[in-house]
Amino acid sequence: MLDNERMDVPELLESASLLVPEETATENDITVQDIWDYLAHDEWEVALGLLEELGDGRSIPLAFWEKLAEAAEQLQLERSAAWCHWRCAEIRNGVIRADLTLRLAGEGRRTTPISGAGVLRPMWDIGHLSPTGERAVSIAALWVENMPMLEPGRHATVRLVPLTPSHWTHVQPGQQITMHEDRTVAGTAVVLEVHRPAAMPRG
């Protein structure tokens with residue numbers, strides 16, 4: 001656990017920015033140097049958002065996201081804080097990006113939208129069987145990219161953080177997996193990318 005209790009927002013953001021490789025830039029060519037300019041003018045919320053963009057690189061350390069999460073909480077930016085905590089979980093447990101299509105409201109149990117902010121922890125059929133030969137499901141939390149929620153019948157790119165990463169080591173891009181909230185199928189997803197936990201060797 002980081003000793004962030006005595007750090008205020010600008011210190012947290014400055015500290016996080018020092019963890020970004022110097023050559024890193026956003027799609028709009030924003031760099032750490034630009035972020036320092038925003039920090040100098042006390043534009044903390046802008047600096048936080050840009051640091052989140054810079055954090056898309058795979059080499060960003062866990063401490064970066066922990067500092068941003070603390071800063072977002074102090075700024076009372078709930079979704080931003082949730083996203084930074086989510087990215088911490090991705091580094092610890094790995095992440096699977098997938099294209100998910102939910103079943104229509106009349107076809108499945110769910111009739112309401114699912115939250116996009118990592119609240120839901122559905123079960124997933126990823127091909128495992130129990131000792132008796134029945135389907136065995138694995139749990140992974142769900143974040144919907146670029147959408148606050150996902151309606152039944154709609155599809156979106158999602159990020160899955162496995163509760164037990166070792167269950168997911170065989171999952172590969174192109175594989176089809178199914179989402180369950182009970183025994184029925186709630187949605188179908190095609191795996192796009194697989195990123196192993198930071199502590200595990202990459203295949």
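We're numbering straight along the sequence, starting at 1.
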Measuring from atom [atom1] of [X] to atom [atom2] of [Y], what distance do you get when rounded to the nearest 0.5 angstrom?
X    : Y    : atom1 : atom2 : answer
L13  : Q74  : CG    : CD    : 9.0 Å
I96  : W124 : CD1   : CH2   : 9.5 Å
T101 : D99  : OG1   : CG    : 5.5 Å
L104 : E151 : CG    : CD    : 11.5 Å

* **H170: ring pair (Phe, Tyr, Trp, His ring centres under 6.0 Å) partners, not counting sequence neighbours** => H128
Determine whether [X] and [Y] make a side-chain contact, defined as any pair of heavy atoms from C-beta on separated by less than 4.5 Å.
X    : Y    : result
V185 : M179 : no
F64  : L51  : yes
I35  : L54  : yes
E53  : I30  : no
R159 : R87  : yes
T188 : L100 : no
L142 : P122 : yes
L68  : L12  : no

* ring-ring contact (aromatic ring centres under 6.0 Å, His included) contacts touching residues 137-165 (sequence neighbours left out) -> W83-W143, W86-W143
* Does N93 use its side chain to pair, donor to acceptor, with the backbone of E90 at less than 3.5 Å? -> no
Please give me the minimum heavy-atom distance between [X] and [Y], naming the atom from each residue.
X    : Y    : answer
D125 : R135 : OD2-CD, 2.8 Å
P61  : L19  : CD-O, 3.8 Å
V194 : P173 : CG2-CD, 4.0 Å
W65  : C88  : CB-SG, 3.5 Å
M149 : P113 : SD-CB, 3.9 Å
K67  : A16  : CD-N, 3.7 Å

* Asked: Can D182 and R110 be counted as an ion pair, charged N to O under 4.0 angstrom?
  -> no
* When you check the gap from the basic side-chain N to the acidic O, do E52 and R79 get nearer than 4.0 Å? -> no
Same apolar cluster (I L V M F W Y, side chains within < 4.5 Å links), [X]/[Y]:
X    : Y    : result
L160 : L163 : no
V161 : I139 : no
V144 : V191 : yes
I126 : V190 : no
W168 : V95  : no

Can you confirm whether [X] is buried at [atom1], in the sense that more than 12 heavy atoms of other residues, nucleotides or ligands lie under 6.0 Å from that atom?
X    : atom1 : answer
R97  : CZ    : yes
E45  : CD    : no
E145 : CD    : yes
E78  : CD    : no

* Just do the side-chain contact (heavy atoms from CB on, under 4.5 Å) check on D34 and L50 with the steps written out, would you? => CA-CA 9 Å; D34 298 305; L50 292 172; 5.6 Å; no
* Asked: Of all residues at least two apart in sequence or in a different chain, which pass the side-chain hydrogen bond (donor to acceptor under 3.5 Å, both in side chains) check with S130?
  -> T132
* Asked: Side chains of E70 and H85: do they bring a donor and an acceptor to under 3.5 Å?
  -> no
* Derivation and outcome, side-chain contact (heavy atoms from CB on, under 4.5 Å), residues L120 and S115 -> CA-CA 7 Å; L120 196 66; S115 167; 5.9 Å; no
* To do: In sequence, state the C-alpha distance, the side-chain angles, and the governing distance for S138 and T164, and then conclude on side-chain contact (heavy atoms from CB on, under 4.5 Å).
  => CA-CA 8 Å; S138 298; T164 308; over 6 Å; no
* To do: Please test W44 against L75 for side-chain contact (heavy atoms from CB on, under 4.5 Å), starting from the C-alpha separation and ending with a verdict.
  => CA-CA 9 Å; W44 302 337; L75 290 169; 4.1 Å; yes
